[in-house]
2 protein chains.
Amino acid sequence: MAVDRDHVLRSAAALLTRKSTATMDEVAKAAGISRATLHRHFAGRDALVRALESLGIEECRAALDAARLDEGPASEAVRRLVGAVEPVAGLLAFLYTENQLFEGEGQNAGWARIDDRISALFRRGQLAGEFRIDLTPAWLTEALYGLLASGAWLVHSGKGAPKDFQHMIAELLLGGAVRREES
Amino acid sequence: MAVDRDHVLRSAAALLTRKSTATMDEVAKAAGISRATLHRHFAGRDALVRALESLGIEECRAALDAARLDEGPASEAVRRLVGAVEPVAGLLAFLYTENQLFEGEGQNAGWARIDDRISALFRRGQLAGEFRIDLTPAWLTEALYGLLASGAWLVHSGKGAPKDFQHMIAELLLGGAVRREES
DNA sequence: CCAAGGTGAGACATTGACGTCTCATATGCG
DNA sequence: CGCATATGAGACGTCAATGTCTCACCTTGG
C-alpha cells in the first residue's frame, strides 16, 4: 500500500534526466502513482528536487567510497571513479544544470564535500607527479563533471555506446591530466 | 528610434547565459526596452530563442572560419578554435542545454554543419597521426562542448580566471586527444 | 507645422502548472 | 466484520508568465 518513496525518487530521476522540465503530473505518471499521492510525499516540486539532490549526493558519496580514491595510482582511482559514477551521470547532469539556477541561494553543502574529495584526488595525483600541475584541481573536477554530462548525453542521444562510457571519459580526462613522458 | 535588433539579441544572450529562466520582462529590461517593443520584434519566447540560436550558430560559424581548421597541425587548429569560440561559450552552453529539451523536434540544421566541421577537424588529426584513434570524432566534439560549458561555468562562478580559459580547455582536451609519443 | 510610425506603459484575457481539498475506493489490521 | 489508513480521481482556486490590445507620447521626415 504505502508508496515506495525510493522507487518514486528513482522514477523521477530517470524521467527528469531525459526531460528536465517534466510536470509533476508526468513525474507522478512515470512513478505509477497519482499526482495527489506524489504531493503527499513531497510537499512540492522544490521538495522533490531537493530530495533528488540528496539522493544524487548520497549516490555520489557511495560511488566515491566504492572507488577507493586513496588507494593506488591516482589515475587508476580516476578510472574507478568514472566507472562507479556512471549510473548516476544522468541524474548528476540534471542536478548540475538545476543548481546553476539557484545561484546565490543555499547550495546543498553535500556538493562541497564531494567536490573536495575529487579535488583532493587530483591534487594527490599532482603531488605524486602523476598529473600535470598547470591544470588546477578545481578545473579538473569541473571538467570531469562536464565530461560526465557530455558522455551521458552522447549515450542518451544514441551517438555513443554505453559500454564505451567509462573508457571515453577516463581516457580523455586522464590523457590530459597525466603528465606526458615526452613533450 | 528603431530598436537595434542585434543589441537586443546580445543583451538577451548575456542575460539568459546567466539565468536561463529569465522572463520576457527581464529580457526586455536588460535590453533597455519595454516588453511591448520586445514582443514587436520577436513574436514570443520561442522566436527569441530561435533567433538566439541563429546568432549562436552564426558566431560559431565565424569562429570556425577564423580558426582556419584546415591549416597547419590539427592540434594547433584546436587551440585556435577554443580561443575563437571563447566569447560565445556562454551562449553556447545556454543553447546546448536548451536544445536538449527539443528532443525529437526540428533541430536547427546549422548545428549539424558545425558538428561536422569540428568532427572533420578531429578526423583530420587522426588521419594525420596526431590524435589517438580510440576516441571517436563524435565523442571528441561532444567533449569539446562539455569542456567549453564547464570552462564558462568555472569562470562565471569565479573559480577560474578568464585568461586561463583557452589554456585550460585546449590543454585538457588535447592532452587526451593527441597521441602520446610514449605510452 | 503636421502626419506617420515607433515606443512605453499598462490593462486584459489566456494558458499551464501548481497546491489544496474532497470524496469514493481499496487495502491492511485487529 | 469494522475501522483506520493510504490511494486515485478530479474539482477547484491561485499564480506567474505569456500574448494581445489600447492609448498617449515622442521623434522623425516631409
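Throughout, protein chains are lettered first and strands after them, A, B, ... in sequence-line order, and every chain is numbered starting at 1.
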Is R117(A) reaching over with its side chain to a backbone N or O of L69(A), donor-acceptor style, under 3.5 angstrom?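 Between the backbone of L69(A) and the side chain of R117(A) there is no qualifying donor-acceptor contact (under 3.5 Å).
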Under 3.5 Å donor-acceptor, T136(B) side chain and W139(B) backbone: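 Yes, T136(B) side chain to W139(B) backbone: donor-acceptor pair under 3.5 Å.
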With a sphere of 6.0 Å drawn around CZ of R68(A), does it hold more than 12 non-hydrogen atoms of other residues, nucleotides or ligands?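 Atom CZ in R68(A) is crowded, with more than 12 foreign heavy atoms closer than 6.0 Å.
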Taking the side chain of [X] as its heavy atoms from C-beta onward, which of [options] lies nearest to it?
X      : options                   : value
H39(A) : dG19(C), dG8(C), dG8(D)   : dG19(C)
A36(B) : dC18(C), dA11(C), dG10(C) : dG10(C)
H41(B) : dT7(C), dC18(C), dG8(D)   : dT7(C)
S34(A) : dA9(C), dG8(D), dT18(D)   : dG8(D)

Provide, to the nearest angstrom, the distance between the [atom1] atom belonging to [X] and the [atom2] atom belonging to [N].
X      : N       : atom1 : atom2 : value
R35(A) : dA6(D)  : CZ    : P     : 20 Å
M24(B) : dG10(C) : CE    : P     : 19 Å
L48(A) : dC18(C) : CG    : P     : 10 Å
K29(A) : dG8(D)  : NZ    : P     : 12 Å
D46(B) : dG19(D) : CG    : P     : 7 Å
L38(A) : dA9(D)  : CG    : P     : 14 Å

Less than 3.5 Å between a donor and an acceptor, one on the side chain of R40(A) and one on the base of dG8(D), is that the case here?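 Yes, a donor-acceptor pair under 3.5 Å.
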Let's test your reading of the model: under 3.5 Å, does the base of dG19(D) pair with the side chain of R45(B) as donor and acceptor?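 Not at all, since no donor on one side and acceptor on the other fall under 3.5 Å apart.
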L174(B) to S75(B) - nearest heavy-atom pair and separation: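 Shortest heavy-atom separation between L174(B) and S75(B) comes out as CD1-O, 3.5 Å.
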Which residue, A43(A) or E26(A), contacts DNA chain C at a nucleotide closer to its 5' end, judged by nearest heavy atom?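 Its nucleotide being nearer the 5' end, the pick is E26(A).
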